[in-house]
Amino acid sequence: MPELPEVESLRRGLEEFVVGQRVRNVEVLLGKIVSGRGTKRTNDESKVKNFCAKISGKKILSITRRAKNMMINLERGGMLLVHLKMTGQLVYKSNKDNSTVSGGHPIQLSDNKLPNKHTYIIFTLEDGVLYYNDVRQFGYVLYFDSIEEINKLGHFDDLGWEPLDEGFTLAAFTEKMKSKKGILKKLLLDQKVVVGLGNIYADEVCYEAGVRPDRKVETLSKKEIQKLYNSIIRIIPRAIELGGSSVADYLLADGSRGNYAHEHKVYKRGGKKCFKCGRELNKSEVAGRTTVYCGFDQK
DNA sequence: TATATTGTTACACC
DNA sequence: TGGTGTAACAATAT
């Protein structure tokens with residue numbers, strides 16, 4: 001489940017390998033991935049044709065990110081908007097040496113041939129191949145002629161603060177939380193408030209802050225809001241630094257696994273011992289999501 | 001074989 | 001309006 005740290009790690013890795021390369025060829029193996037967002041997508045042949053035609057021959061200028069969206073910026077203003085949703089992967093494999101990518105990091109794909117049955121887009125670049133894989137097919141890779149075209153969709157309109165941006169201050173966060181009601185975890189998962197948290201980091205943030213994820217926001221003290229804020233701005237960069245969380249269907253740009261999973265304190269640890277007090281961690285459903293917290297250390 | 005899983009959107013409901 | 005809950009998307013692990 002790529003959340004912000006995973007997307008940012010992938011962005012940084014890919015940037016290093018593919019920026020400056022020209023796209024030689026594009027092959028789309030599942031049309032719906034490139035034909036829209038949401039649940040009403042279809043395999044639209046004309047959209048697929050347009051997608052390939054617009055991208056082929058263009059040089060990759062940069063890769064940027066907004067929330068969990070990645071933008072692969074092409075020549076003449078064109079760009080790809082990539083959302084991995086839950087199981088999307090972008091894997092770059094260098095032609096120069098099948099076992100390595102630039103930078104010398106080993107690519108751990110020897111027993112994981114590409115393309116595989118979940119490969120839906122193949123971008124052939126000058127020095128390698130970029131694969132889009134997506135087991136559950138919820139993600140998308142869309143082409144736009146300009147950022148204005150994306151903005152027209154209102155795609156980014158409702159996104160809240162980037163947790164790493166200067167605008168995300170304690171004062172602003174506090175004010176926002178004070179204006180809200182409802183379940184804390186729901187607010188943390190709400191991309192309209194702060195972007196980038198998903199089910200893993202929402203639980204991790206609550207644990208580190210010592211606040212139960214099922215607390216009502218309106219009952220939070222100023223100090224608790226501050227703890228939550230501090231946890232967000234500490235955990236997100238730390239996770240990026242470690243290359244994101246390793247989950248079963250997520251790989252880094254170089255094919256390796258992220259290392260943040262080793263630091264998960266609660267995610268996937270329901271029933272296991274709390275690292276602080278040794279008591280059994282509580283697993284339940286909060287805001288419609290599987291949630292793990294310590295009933296003793298989190299108030 | 002049934003169930004849990006999860007990012008996001010759509011939509012019904014109060 | 002704001003907040004809640006659920007379905008949908010799809011395939012896999014358990």
Side-chain angles (χ1 to χ4, degrees), chain A residues 1-10 29-44 65-70 81-90 112 116-121 132-142 150 153-160 162-163 175-205 213-220 236 239 244-251 258 261 264 266-272 283-292:
Chain A
M1 298 64 67
E3 300 176 30
L4 191 152
E6 289 74 39
V7 177
E8 178 61 18
S9 298
L10 179 60
L29 303 167
L30 183 63
K32 71 173 181 180
I33 300 289
V34 306
S35 29
R37 303 168 298 158
T39 55
K40 285 166 187 160
R41 301 184 292 173
T42 51
N43 274 289
D44 185 329
R65 180 189 60 74
R66 175 74 174 105
K68 299 172 191 170
N69 301 275
M70 203 158 68
L81 174 66
V82 182
H83 200 302
L84 303 172
K85 290 291 183 85
M86 291 187 283
T87 56
Q89 303 172 333
L90 278 169
N112 183 11
N116 61 38
K117 65 173 175 172
H118 300 300
T119 299
Y120 297 124
I121 311 176
Y132 178 79
N133 306 326
D134 194 342
V135 169
R136 280 178 251 188
Q137 306 171 19
F138 292 172
Y140 48 80
V141 180
L142 307 178
I150 298 181
L153 291 179
H155 190 67
F156 296 143
D157 288 0
D158 292 333
L159 293 176
E162 286 284 334
E175 193 184 337
K176 190 75 177 180
M177 296 301 268
K178 293 269 183 206
S179 76
K180 293 282 187 179
K181 288 181 176 176
I183 299 160
L184 171 61
K185 178 152 177 180
K186 195 165 175 56
L187 263 280
L188 292 177
L189 290 174
D190 188 347
Q191 306 295 301
K192 296 183 189 71
V193 181
V194 186
V195 303
L197 299 176
N199 206 31
I200 299 173
Y201 295 106
D203 278 10
E204 295 298 321
V205 162
D214 59 352
R215 278 280 295 281
K216 294 269 188 172
V217 175
E218 54 269 39
T219 69
L220 294 174
I236 295 289
S245 297
S246 169
V247 289
D249 34 28
Y250 178 75
L251 295 169
H264 288 172
V266 284
Y267 182 72
K268 285 235 166 144
R269 294 197 69 249
K272 297 196 172 128
K283 180 180 170 183
S284 61
E285 189 178 292
V286 176
R289 288 283 173 250
T290 302
T291 298
V292 182

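Worth saying up front: this structure is predicted, and the values here are computed from it rather than measured. Proteins come first, then strands; the chains are lettered A, B, ... in the order of their sequence lines, and each starts at number 1.
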| query | Expressed in angstrom and rounded to an integer, what is the separation of Asp203(A) atom CG from dT5(B) atom C1'? | reply | 14 Å
| query | How far, in whole Å, is dT3(B) from dA7(C) if one measures between their P atoms? | reply | 14 Å
| field | Euclidean distance, atom CE of residue Met86(A) to atom C1' of dT12(C) [Å, nearest integer] | value | 12 Å
| query | Taking only side-chain nitrogens and oxygens of Tyr267(A), does any of them come within less than 4.0 Å of OP1 or OP2 of dT6(B)? | reply | yes
| message | What is the distance, to the nearest angstrom, from the OH atom on Tyr140(A) to the P atom on dT8(B)? | response | 8 Å
| If you write DNA chain B from 5' to 3' in dot-bracket form, with Watson-Crick or G-U pairs under 3.5 Å, [ ] for crossing pairs and | for pairs with another strand, what do you get? | .||||.||||||||
| Exam field: side chain His264(A) to backbone Val266(A), donor-acceptor pair closer than 3.5 Å | no
| said: With hydrogens left out and only the distance checked, is there a donor-acceptor pair under 3.5 Å joining Arg289(A)'s side chain and the base of dG7(B)? | reply: yes
| query | Picking from dA11(C), dT8(B), dT5(B), which would you name as closest to the side chain of Lys283(A)? | reply | dT5(B)
| Phosphate-side-chain proximity, Thr290(A) and dT6(B), N/O vs OP1/OP2 below 4.0 Å | yes
| request: State whether His118(A) places a side-chain N or O below 4.0 Å from either non-bridging phosphate oxygen (OP1 or OP2) of dA10(C). | output: no
| dC9(C) to dT1(B) separation - C1' atoms, rounded to the nearest Å | 22 Å
| task | Please report, rounded to the nearest Å, how far the P atom of dG7(B) is from the CG atom of Leu189(A). | result | 7 Å
| So do the side chains of Tyr201(A) and Glu6(A) get within less than 4.5 Å of each other, counting heavy atoms only? | yes
Using residues 177-186 of chain A as the side-chain source, report each donor-acceptor pair under 3.5 Å to any protein atom, sequence neighbours left out, with the distance given to one decimal.
{"residue": "Ser179(A)", "atom": "OG", "partner": "Lys176(A)", "partner atom": "O", "Å": "2.7"}
{"residue": "Lys185(A)", "atom": "NZ", "partner": "Asn199(A)", "partner atom": "OD1", "Å": "2.6"}
{"residue": "Lys185(A)", "atom": "NZ", "partner": "Asp203(A)", "partner atom": "OD1", "Å": "2.8"}
{"residue": "Lys185(A)", "atom": "NZ", "partner": "Thr290(A)", "partner atom": "O", "Å": "3.2"}
{"residue": "Lys185(A)", "atom": "NZ", "partner": "Thr291(A)", "partner atom": "OG1", "Å": "2.7"}

| query | Would a distance-only check, ignoring hydrogens and angles, find a side-chain to backbone donor-acceptor pair under 3.5 Å from Gln191(A) to Asp158(A)? | reply | no
| query | Tyr140(A) vs His155(A) aromatic rings, parallel, tilted or perpendicular, using cut-offs 30° and 60°? | reply | perpendicular
| task | Would you mind classifying the nucleic acid contact of Gly182(A) as base, sugar-phosphate or nothing, using non-hydrogen atoms under 4.0 angstrom? | result | sugar-phosphate
| said: Looking only at the side chain of Ile183(A) (C-beta and beyond, no hydrogens), which of the listed nucleotides dT8(B), dT6(B), dG5(C) gets closest? | reply: dG5(C)
| task | Please check if any side-chain donor atom of Glu204(A) sits under 3.5 Å from a side-chain acceptor atom of Tyr267(A), or the reverse. | result | no
| task | Starting at atom CG of Leu197(A), determine the distance to atom C1' of dT6(B), rounded to an integer number of angstrom. | result | 15 Å
| task | Specify the separation, in whole Å, of atom NZ of Lys176(A) and atom P of dG3(C). | result | 10 Å
| note | Residue pair Lys117(A)/Lys186(A) against DNA chain C: nearer the 5' end by closest nucleotide is Lys186(A)
| message | Using the P atom as the point on both nucleotides, what is the distance between dA10(B) and dA10(C), in whole Å? | response | 16 Å
| Atom CG of Asp134(A) to atom P of dA11(C): distance rounded to whole Å? | 10 Å
| message | Counting neighbours of CD on Glu175(A) that are heavy atoms of other residues, nucleotides or ligands and sit closer than 6.0 Å, is the number greater than 12? | response | no
| query | Are His83(A) and dT8(B) close enough that a side-chain N or O sits under 4.0 Å from OP1 or OP2? | reply | yes
| task | May I have the distance from Asn199(A) (atom CG) to dT6(B) (atom P), rounded to whole angstrom? | result | 5 Å
| note | Assign each of Gln137(A) and Ser179(A) the nucleotide of DNA chain C bearing its closest heavy atom; nearer the 5' end lies the nucleotide of Ser179(A)
| request: Report yes if the ring of Phe138(A) lies under 5.5 Å from the six-membered base ring of dT8(B) with planes under 30°, and no otherwise. | output: no
| task | Check whether any side-chain nitrogen or oxygen of Lys180(A) sits under 4.0 Å from OP1 or OP2 of dG2(C), and answer yes or no. | result | no
| said: For the backbone of Thr219(A) and the side chain of Arg215(A), can you confirm whether one donor and one acceptor N or O come within less than 3.5 Å of each other? | reply: yes
| message | Just to verify, which of Leu4(A), Leu10(A), Val82(A) counts as forming a side-chain contact (heavy atoms from CB on, under 4.5 Å) with Arg65(A)? | response | Leu4(A)
| said: Considering every strand and a 4.0 Å limit on heavy-atom distances, what is the contact class for Lys216(A): base, sugar-phosphate, or nothing? | reply: nothing
